[in-house]
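Below is one structure, written out as structure tokens; the observations come after it.
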Amino acid sequence: MSVQQYDEIGEAFEGFKSLPLMRYGEVPSFLGMVGDVSGKSVLDLACGTGFYSREFKRRGATDVFGVDISVEMIAAALEIERRDPLGVRYEVGDVSELRPLDRRFDIAVGVQCLNYAEDITEMERMCRNIQRSLVPGGEFFVFAQKPDYRFDCASLDTYGFRCEPTGEEIETGPRVRVTALLDPQPISIVSAVPRREVYEECLRGAGFSEVKWVPLQVAEAGIREFGEDFWADLLAHPPLEMLRCRA
């Protein structure tokens, strides 16, 4: 499901991060949760065009390795690396079939990654592969659709997105269509919204501990630019949520 739709997007995916929800919600929230990466190694799973891979390298990570199932996404990441070399490594790969890597990492991140599992067995396999790729005590940080989101943020398009249930349910949870309202051409992606217990049971079953959900926040810069009232509906009905756990 995910490969073809991402292959068709390519470097246009970079535009997602310019939309208000991403720029002032996702990005600062996720980077704030991950925290200081200086001197650490980072495995970026479902890395897309390498936005977070590059950011972690700029923030002092010693080794950053990005993996994505989409050939076109990795091609775009490599082209950006060619234009602005940071020393980030990239590879085409499926997290559910992740090969044994040449090292274990201090940190693994998965932004919109586990929610592409087609069933619980596949998510369990993803989690085991990630766990074995981390040093003992290493941390795994996840960013995804909020598991119990009720599609009740009436003004979500104000923040740059539209999120609609497709009416289809798979083993992990309902499918949704998320549309980034980019100009001139909106981009839609279909994924699943796994239930909260699916995430927790798959992670714990793979050997992760200290599984903790972390809410989305809005950066002070976003409040200064748009005002508190602008963000009230988003914070009352957040469509995104994060979690962290330890190997």
Side-chain angles (χ1 to χ4, degrees), residues 2 6 13-61 63-68 73 77 80 86 88 90 95 105-116 126-127 130 133-134 138-147 149 153 156 159-161 163 176 178 180 189 191 193-194 196 199-200 203 208 210-223 225-226 231 234-235 237-247:
S2 60
Y6 278 99
F13 189 63
E14 288 285 298
F16 279 50
K17 297 299 188 285
S18 68
L19 299 171
L21 176 56
M22 299 292 99
R23 184 177 180 185
Y24 296 117
E26 178 200 297
V27 174
S29 292
F30 191 66
L31 291 174
M33 177 176 66
V34 175
D36 184 12
V37 297
S38 57
K40 296 181 180 180
S41 55
V42 179
L43 175 61
D44 187 0
L45 301 156
C47 68
T49 53
F51 176 88
Y52 284 109
S53 298
R54 297 191 301 277
E55 189 61 33
F56 292 132
K57 200 71 170 72
R58 292 188 189 104
R59 290 174 176 236
D63 182 24
V64 180
F65 184 42
V67 178
D68 198 281
M73 285 285 178
I80 295 169
L86 294 171
V88 180
Y90 295 103
V95 177
F105 292 80
D106 300 310
I107 292 169
V109 299
V111 175
Q112 306 293 4
C113 174
L114 298 180
N115 48 311
Y116 284 104
M126 286 179 165
C127 292
I130 296 164
S133 301
L134 287 166
E139 290 186 281
F140 178 37
F141 300 93
V142 178
F143 198 100
Q145 297 287 121
K146 185 177 181 180
Y149 181 57
C153 179
L156 191 59
Y159 311 113
F161 285 85
C163 187
V176 297
V178 176
I189 296 170
S191 69
V193 183
R196 201 172 293 272
Y199 278 115
E200 294 173 0
L203 288 165
F208 285 102
E210 302 176 32
V211 179
K212 180 182 179 182
W213 290 93
V214 181
L216 181 78
Q217 296 181 332
V218 173
E220 285 297 324
I223 295 173
E225 180 168 343
F226 293 100
W231 298 104
L234 178 76
L235 293 174
H237 309 284
L240 302 167
E241 195 167 10
M242 308 178 290
L243 62 82
R244 61 188 305 166
C245 54
R246 192 176 296 276

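Given the structure is predicted, the values throughout are model-derived calculations rather than measurements.
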Exercise for review: Please identify each residue that fulfils side-chain hydrogen bond (donor to acceptor under 3.5 Å, both in side chains) with Ser53, with sequence neighbours left out.
Suggested key: Asp44

As an exercise, state the distance from [atom1] of [X] to [atom2] of [Y], rounded to the nearest 0.5 Å.
X	Y	atom1	atom2	result
Ile107	Arg244	CD1	CZ	9.5 Å
Cys113	Leu45	SG	CG	5.5 Å
Leu216	Lys146	CG	NZ	9.5 Å
Phe105	Asp63	CZ	CG	5.0 Å
Arg196	Trp213	CZ	CH2	5.0 Å
Ser133	Leu43	OG	CG	6.0 Å

Practice item. Determine whether the side chains of Tyr149 and Glu241 contain a donor N or O and an acceptor N or O closer than 3.5 Å. Key: no

Look only at the side chain of [X] and the backbone of [Y], and say whether a donor-acceptor pair between them is shorter than 3.5 Å.
X	Y	result
Thr49	Ala77	no
Asp106	Ser41	yes
Arg23	Leu19	no

Within a strict 4.5 Å, meaning less than it, do heavy atoms of the [X] and [Y] side chains meet?
X	Y	answer
Val27	Lys17	yes
Phe65	Tyr90	no
Glu26	Val111	yes
Ile130	Phe208	yes
Pro239	Leu21	yes
Gln145	Gln112	yes
Ser29	Met242	yes
Cys153	Tyr159	yes

Smallest separation among heavy atoms of [X] and [Y], with atom names:
X	Y	answer
Met22	Pro28	O-CD, 3.9 Å
Pro20	Trp231	O-CH2, 3.6 Å
Cys245	Val211	CB-CG2, 3.8 Å
Ala46	Asp68	C-OD2, 3.2 Å
Leu31	Phe56	CD2-CE2, 3.7 Å
Asn115	Ser191	ND2-OG, 3.5 Å

Exercise for review: Assess whether side-chain contact (heavy atoms from CB on, under 4.5 Å) is satisfied between Leu203 and Phe140, documenting all intermediate values.
Suggested key: CA-CA 10 Å; Leu203 288 165; Phe140 178 37; 3.9 Å; yes

Practice item. Give the intermediate values and the outcome of side-chain contact (heavy atoms from CB on, under 4.5 Å) for residues Leu235 and Val218. Key: CA-CA 8 Å; Leu235 293 174; Val218 173; 3.7 Å; yes

Point to revise | For Tyr52, the option from Phe16, Phe143, Phe30 that meets ring-ring contact (aromatic ring centres under 6.0 Å, His included) | key: Phe30

Check your understanding: Is atom CD of Gln217 surrounded by more than 12 heavy atoms (other residues, nucleotides or ligands) closer than 6.0 Å?
Key -> no

